Amino acid sequence: MIVQSLAFYLFAAILVASAVMVITARNPVHSVLFLILAFFNAAGLFVLIGAEFVAMILVIVYVGAVAVLFLFVVMMLDINFRELRVGTLQYLPIGITVGLVLLVELALVLGTWVIAPDLTTVVAAPTPTPDQVTNTHALGLLIYTRYVYLFQASGLILLIAMIGAIVLTLRSREGVRRQNISNQVSRRRDEVVAIRKVPTRGGV
Amino acid sequence: MAELWTGYAWPTIIIVLQIVAIIVPLMVGIAYLTYAERKVLAAMQLRQGPNIVGPFGLLQPMADGLKLLGKETVIPAGANRMVFVFAPMLTFLLALIAWAVIPFDDGMVLADINVGVLYLFAISSLGVYGIIMAGWASNSKYAFLGGLRSAAQMVSYEVSIGFVIITVLLCVGSLNLSDVVNAQRTVWFAIPLLPMFVVFFISALAETNRAPFDLPEGESELVGGYNVEYSAMTFALFFLGEYANMILMSAMTSILFLGGWLPPFDIAPFNWIPGPIWFALKIAFVLFVFLWVRATVPRYRYDQLMRLGWKIFLPFSLFWVVLTAGVLVTFGWLPS
């Protein structure tokens with residue numbers, strides 16, 4: 001157990017420290033890199049509580065795809081952070097309110113185990129313990145049976161977001177010559193090559 | 001005290017020894033993969049290849065390594081020092097830690113985790129960071145362009161790799177790599193899933209930035225891509241990382257499609273040969289195809305690369321996932 005606790009405190013300490021660095025680092029690229037470190041340590045914490053599937057998905061989706069795009073954008077943009085800091089005080093109350101709401105909600109959810117330990121046994125679909133079924137299996141059993149409509153709905157929302165992003169960025173410019181590979185492949189010799197008899201000194 | 005010894009110290013020693021037993025052959029493999037690449041390319045281009053250092057040039061990798069060790073590490077004045085030095089280390093580290101879940105034989109694996117395939121996929125998707133960090137930290141336009149190209153390329157081809165992996169997992173019913181291999185006892189997945197095998201191999205070429213998809217380094221247009229500014233051991237770490245990734249992708253190919261440690265036929269002369277040797281032979285074969293492709297195919301243009309990834313591989317692999325799932329459900333072949 002000592003090793004587990006040590007690992008927990010290690011991951012948690014790095015997670016909190018890198019989360020602080022995300023908002024304090026001067027260089028935006030460093031911020032994103034610290035965000036990636038934070039994701040990674042969160043994945044470590046998931047592994048410690050036996051949620052290995054969630055941990056791997058966190059690394060694949062957030063670190064492997066989302067953060068790459070973040071990094072991409074942040075590197076390409078020339079953001080002036082001095083200008084951005086000007087209005088910080090103005091937004092501070094909203095930020096603090098959102099933070100407080102999140103904190104209270106987290107406390108309510110996690111506090112249930114302490115305040116009413118019996119409540120976890122009467123939930124609609126009790127979570128199977130990791131030693132009975134594997135993570136992936138347990139998640140599949142829940143998502144594709146009991147929560148299938150919610151699951152499909154979230155998929156639809158993502159699809160709509162994707163279509164929205166494509167519609168917003170798609171623009172058809174005039175005068176751009178595009179390569180059409182099927183046209184190129186289906187070209188016949190007699191359509192494009194003409195053989196002429198050229199008389200000497202006559203030209204074409 | 002005795003509990004501390006049996007509970008923590010002894011297992012730690014065992015694990016460290018196992019890690020050494022994996023890393024050392026891997027490093028030798030990387031060294032000789034560089035040699036094999038030069039020899040194979042030379043043979044295909046009717047040249048000699050390295051043949052001066054040692055018999056048949058066999059000591060050439062050692063000489064190259066010593067040369068790189070003895071050179072000076074130059075850090076450009078405009079570079080972001082921390083990220084610049086960290087990037088090659090990250091590349092090399094990620095290329096090594098993926099080997100923790102690779103099964104070399106039945107039960108011969110460092111960490112037999114339930115989500116082994118996902119772990120491999122996650123680690124290989126992280127490989128892009130080393131390159132993009134190097135490109136950005138170098139503070140040089142060629143390096144930056146190389147880094148951006150590589151990021152876009154790896155993210156694109158990861159999607160189709162993901163679908164290929166899902167197809168295989170549908171036929172296995174488990175995410176454990178040992179289960180994946182054991183599910184191929186009757187027939188290797190390369191046969192029923194042949195189109196997916198081809199898609200996976202081509203995507204693996206793109207994922208490891210190998211020819212014909214080596215645009216991130218594209219020496220004819222980007223000088224050397226993301227590693228222009230790197231020298232000596234920092235460059236060597238990128239180089240080693242790239243080759244380690246090639247070996248890793250070959251290992252993944254042989255586990256997912258070529259039956260891992262299993263012999264091709266479970267009859268007398270074949271099953272005398274131990275599993276790890278079959279596994280090594282399959283890896284060597286896939287690596288040879290990597291080199292063969294490099295000697296044969298010219299480099300893709302960037303828009304063609306993206307077109308291949310998003311407009312051909314993605315719809316095709318998505319279709320094949322649905323088809324495989326449909327066939328498995330219709331005929332009741334779903335693994336329980």
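As a basis for the values below, the full set of heavy atoms in this structure was taken, side chains included, without hydrogen atoms, waters or symmetry mates. Just so it is clear, the structure is predicted and the values come from calculations on it, not from any experiment. Each chain gets a letter, A, B and so on, in the order its sequence line appears, and its residues count up from 1.
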Proximity breakdown for B/Val83 and chain A, heavy-atom pairs closer than 4.5 Å: side chain
When the 4.5 angstrom heavy-atom criterion is applied to B/Leu126 and chain A, the contacting part is side chain
Other residues, nucleotides, ligands: >12 heavy atoms within 6.0 Å of B/Phe238 CZ: yes
Hey, are the side chains of A/Asn27 and B/Asn80 touching, using non-hydrogen atoms and a 4.5 Å cut-off? yes
Closest non-hydrogen atom pair between B/Leu148 and A/Phe72, with its separation: O-CE1, 3.6 Å
Heavy-atom nearest pair, B/Tyr129 first then A/Ala67, reads OH-CB, 3.1 Å
Shortest non-hydrogen contact from A/Ile181 to B/Arg307? CD1-NH1, 3.1 Å
Does atom OH (B/Tyr300) have a neighbourhood of more than 12 heavy atoms from anything else shown, all under 6.0 Å? no
When every non-hydrogen atom of B/Glu158 is compared with those of A/Gly64, the smallest separation belongs to OE1-O, 4.0 Å
With a 4.5 Å heavy-atom cut-off, do A/Met75 and B/Phe144 have their side chains touching? yes
Structural part of A/Leu33 lying under 4.5 Å from a heavy atom of chain B: side chain
When only pairs under 4.5 Å are counted, which of B/Asp303, B/Val155, B/Val128, B/Ile132 shares the most heavy-atom pairs with chain A? B/Ile132
CG-CD1 distance between B/Leu118 and A/Ile57, expressed to the nearest 0.5 angstrom: 5.0 Å
Against chain A, label B/Leu175 side chain, backbone, both or neither, depending on which of its atoms sit under 4.5 Å from a heavy atom there. side chain
Audit row: A/Glu52, B/Asn114, side-chain contact (heavy atoms from CB on, under 4.5 Å) steps and yes/no: CA-CA 8 Å; A/Glu52 61 224 11; B/Asn114 280 327; 3.3 Å; yes
How about CZ on B/Arg301, more than 12 heavy atoms from neighbouring residues, nucleotides or ligands closer than 6.0 Å, or not? yes
Comparing A/Val59, A/Val61, A/Val63, A/Leu71 against chain B, the one with the most heavy-atom pairs below 4.5 Å turns out to be A/Val63
Are more than 12 heavy atoms, taken from residues, nucleotides or ligands other than B/Phe316, located less than 6.0 Å from that residue's CZ atom? yes
CZ of A/Phe39: more than 12 outside heavy atoms within 6.0 angstrom? yes
Comparing B/Ala152, B/Ser125, B/Ala122, B/Gly147 against chain A, the one with the most heavy-atom pairs below 4.5 Å turns out to be B/Ala122
